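Quick note on labels: first sequence line is chain A, next is B, and so on, each numbered from 1. Note that the structure is predicted; figures quoted are calculated from it, not measured. Side chains included, hydrogens not; waters and symmetry mates left out as well; all remaining heavy atoms used.
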Amino acid sequence: MISRLDGPNKVTGRARYGADNNVPGMVFGHVVLSTIAHGRITAMDVAAARNAPGVIAVYTPFAPLRLRTPVSPFLGATWVPLQNTDVAHYGQPIGFVVAETYEQARDAAMLVGVSYDERPALTSMRDGLATAQDAPPAMDGAPPSLAVLAPGVESIEDALAASPVVVEATYTTATQNHAAMEPHSAVAVWESGGLTVHSGNQGSDLVAAALADALGLDLARVHVVNPFVGGAFGGKGAASTPAFLAAAAARDLGRPVKAALTREQVFTATATRPATVQRLSIGADEDGTLIALRHDSWSSTTATPGFVEPTSHGTSREWYATPNVAISQKMVPLHVPPTTFMRAPGEAPGSFALESAIDELAVALDVDPIELRRRNSSVAPPGKDLQWSSKHLDECFRLGATRFGWAERTRRGRADGDWLVGLGTATAMFPALRFPASVRVTLRDDDTAEVATSGADPGTGLLTVLALIGAESLDISPERVTPRLGDSALPPGGMSGGSTATASAGSAIMIAAPQAIDELLALASGPGAPFEGAELSYADGRVLAADGRRMTFGEVLRATGRRSIAAVGSSAPGEEMTKHSFSSFGAQFCEVRVHRWTREVRVSRMLGVFDAGRIINEQTARSQIIGGMIWGVSAALHEGLEIEESGRPANGDFASYLLPVNADIPDVDVAFVQYPDTLHNPVGARGLGEIGVVGMAAAIANAVHNATGIRVRHIPIAIEDLLD
Amino acid sequence: MRPFELTAPATVDDALASPGTFLAGGTTLVDLMKLDVLTPHRVLDINALPLRGIDAGDGLRIGALERMSDVAAHPGVYPVISRALLQSASQQLRNMASIGGNLMQRTRCSYFRDVATPCNKRVPGSGCPAIAGANRMHAVLGTSDACVATHASDLAVALVALDARVRLVGADGERTVVLADLYRTPGGTPEVDNDLRPGELISEIVVPRLDWATRSTYVKVRDRQSYEFALCSAAVAIDVRDGRVVDARVAVGGVATVPWRLPAVEAALRGAPATRASFEDAAAVAAEGARPLSANAFKASLLPRTVVRALLEVTEGDRA
């Protein structure tokens, strides 16, 4: 195991993030936000701002920077600011003030006066349920509502009615903001007709395409650079408002422009995970065998419908063996900040509902919750012929139960002084996906290699993984491999999202490396080369001839006067998709303590055991899971963006949008069962970037129930939920 | 932030001679200036003034510019004070924030801190969106129809329980005021937090000697374990002899517009057996007069529970 390669640079402050770039002549932009949720801007008084010290330009919908709406097959249309006077949510970007210094831009932005023609805003999920609409088809093209019924069963209602035991409940989850440590920012520089943008994102080639589209530029003239990304979590997939505005203003002004959102602005000027309402009905036999599962879901979305959180499609559609399953997905358009993917979109809030309901069924049947899950484990998603390629969920539960001391659990928890102690568990699943990716592998004459792709490492460990898979594929030590990421000039690596990067880029490396080696051997045996005409093989970084002669690849390159040899490999999902279903799996456990008097919930122990195929680098893999599990604690006990009736976020800053602090998080125990899944991809690794968050909220709510006997069906769980 | 003039007077007389806004640790003032909530033209950095020192000889005297972290770590400080301080803010903030500034910190009401919304405390007469808005963190005691903002200081709750006084210096000389009397409930003038006169400066905090306050504690109930304001807190000191409560001090925070002393609870405790049952009986009146809002009715239930928990913890091993 090698340590995270970017770790030393990050902890010493040497890593240079987007906004850390400073360019001669650079000026600074500050974004102005709307203070209504719905209506039209009738006028903007920019005179005071324009006359403030250092101000160079004030852009508004009345004096805009011209931007077109970029559309990509992957992300759909991306909203661009300042193009019209419509306001569709509170805190929407409506202006951009550019000045010689950051402080001048920020202070002048406070002087911009805005007049609105305000219209009634619909901001409450509860109020909007009545006018909910069918969601668009799911990511896999499935219709929003679908049912799989056993032969002879007419409807899910019939199946539920025929079930001896039925559990029914409605669960809700809160709006969340990604709140990455690095706020969305950009430094845009125009030079000799080309644009360079330094901006943290999840895929530099995708952002370059969006900027080229928005600015009406040839893609070849746009260069996006993001060697380091300070967290993304789905919130930096699309190009950001600062990137669009900095790029357009830099062109307009002929000077480099830096723009960064403030922490408070991030809450409304980027995007959020939608709020959800979910109604679960589970019908089972007395022994706990599922007969029917119904999961109806509602997700908030923007007034012009955008992203919808696919809670039922992401969970109940596939997780359990049941002869009858029916799911539906509706959306509730609201005047709220944009919605988008957030770590385990669908699975995280969906599993809170499903895995709470499974726990409620276990309580109703007086069956151990792990045993109930084991009895209903699926070999394939219901109604599908394609079996899971490699599923070891039962082993995760077995191992986890032993490691966590699950056998000590009692039906009603236990007391430790004035603390009520409970244990909870939940299943986690996240689909194993791949995106198309291309990687360039280069052998250099100093006996080092480079592995390069445009993709991003937003803290996931991808950089380290590239070095490891590169080293393995070239049969050299990882220290000799230089991984490169985060530059749109490199072969397109797609998006770091969907827990896909290791499988996608790794597979491409495994195609590129043999090609590079083949070229090396051809070079070595070519006319005039050291091994002219010889049959050659390659091992341990060396070219080998049958007569025992050998040279390192660097020696071959030097002897033939070449600096390097490079090959680009591309991979994409293929035929395997017609043969199996693919998912990562996990069993998650937690212990909570609830104070008898004042009812605070504190997590005292956590464990996650995961089946994610082969683990390439255990250190970064564990970090991913630990981060996900902590996020699960956050969702369960702390985090939620509260949108007021006016559309204003009531807690849009880090003083009031609560995340757990160190004192809230105990040691987090993580284990992996390692069964390489080469049916999915040649690397054998499935994704694990998102699965860590998936089961935690339900595990915690289930533990709270075990400790207190109180079932809380919404997150975050607060003290008042546990008071009499 | 608006441009301002910054000066650093070297003496108290200099500080009092030039009108302006005092800057000590800056942990509240700078925040509110960035948010455009406070827009002083003149800021006086008072950190060079000789308002330092902690003297625990007879009672406690603390210079107003002492840092929260230093006061918390001082061995002569009553437990209720150090525990209130150590559960405040973060270590970084405690290293910066002064003890006088802590007592003067403004409310954390999100409407007060957002100039895009009305707020009677910030702009008198503009209205109070909290009353019908996001009010889970707000007060249930000492409120008015104009303002329901909670007083944010933990330290002030502990000091009010201990009958602390503050020494004030102003252009007209010095005076000493009981801290509890300095704070004002909002009534019809929520823009006035306290009875400090214009230009007056806190020079010292004086805690009268109370030997049995060595048995004291501060319980803070909040949504996370650290770095968060109280939903409810309780400062208690108690004198238990032979299983009976001889005397007690109880004040609560997070629930009221000012640090809130509970004399009725103290009276009910006096002479009662030191038992869980009598603590519960005494605490039952803690929330009397509470005026719950849409999202904070639970505080009326949490408040007596917090008081009971604090009493139980401080009498651990010494109950009847």
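Atom CG of residue Asn662(A) and atom OH of residue Tyr227(B) lie 13.5 Å apart, to the nearest 0.5 angstrom. Distance check, rounded to the nearest 0.5 Å: CG of Leu723(A) to NZ of Lys299(B) gives 12.0 Å. Leu658(A) contributes atom CG, which lies 11.0 Å from atom CZ of Phe229(B) (distance to the nearest 0.5 angstrom). Rounded to the nearest 0.5 Å, atoms CG (Asp653(A)) and OG (Ser110(B)) are 8.0 Å apart. To the nearest 0.5 Å, atom CG of residue Leu302(B) and atom CD of residue Glu720(A) are 8.5 Å apart. The CD1 atom of Ile717(A) lies 12.5 Å from the CG atom of Asp223(B); values are rounded to the nearest 0.5 Å.
Ion pairing of Arg136(B) with Glu642(A) is absent here, as no side-chain N (NZ or NE/NH1/NH2) approaches a carboxylate O to less than 4.0 Å. Looking at Arg309(B) and Glu600(A), a side-chain N of the basic residue comes within less than 4.0 Å of a carboxylate O on the acidic one, giving a salt bridge.
Contact of Phe654(A) with chain B is made through the backbone alone, with heavy-atom distances under 4.5 Å. Looking at Glu316(B), there are no atoms closer than 4.5 Å to chain A (heavy atoms on both sides), in backbone or side chain. Using a 4.5 Å cut-off between heavy atoms, Val308(B) touches chain A through its side chain atoms alone. Of the atoms belonging to Ser656(A), not a single heavy atom falls under 4.5 Å from chain B. Interface remark: Leu111(A) contributes side-chain atoms only to the contact with chain B (heavy atom separation under 4.5 Å).
Between Arg599(A) and Arg305(B) the shortest heavy-atom distance is CD-NH1, 3.9 Å. Gln225(B) approaches Ala663(A) most closely through the heavy-atom pair CG-CB, 3.5 Å.
Dense packing is recorded around CD of Glu100(A), with more than 12 heavy atoms of other residues, nucleotides or ligands lying under 6.0 Å away. Counting heavy-atom neighbours within 6.0 Å of Asn51(A) CG, excluding the residue itself, gives a total above 12.
Between Asp107(A) and Met1(B) there is a side-chain heavy-atom pair separated by less than 4.5 Å. Looking at Val661(A) and Glu228(B), their side chains never come closer than 4.5 Å, going by heavy atoms from C-beta outward. You'll find the side chain of Leu312(B) reaches within 4.5 Å of the side chain of Trp597(A), heavy atoms only. Inter-residue side-chain proximity for Glu103(A) and Pro3(B) is flagged as unmet; no heavy-atom pair is nearer than 4.5 Å.
With chain A as partner, the option from Ala132(B), Ser226(B), Ser90(B) having the largest number of non-hydrogen pairs under 4.5 angstrom is Ser226(B). Of the listed residues Arg106(A), Arg602(A), His638(A), Met110(A), the one with more heavy-atom pairs under 4.5 angstrom with chain B than any other is Arg602(A).
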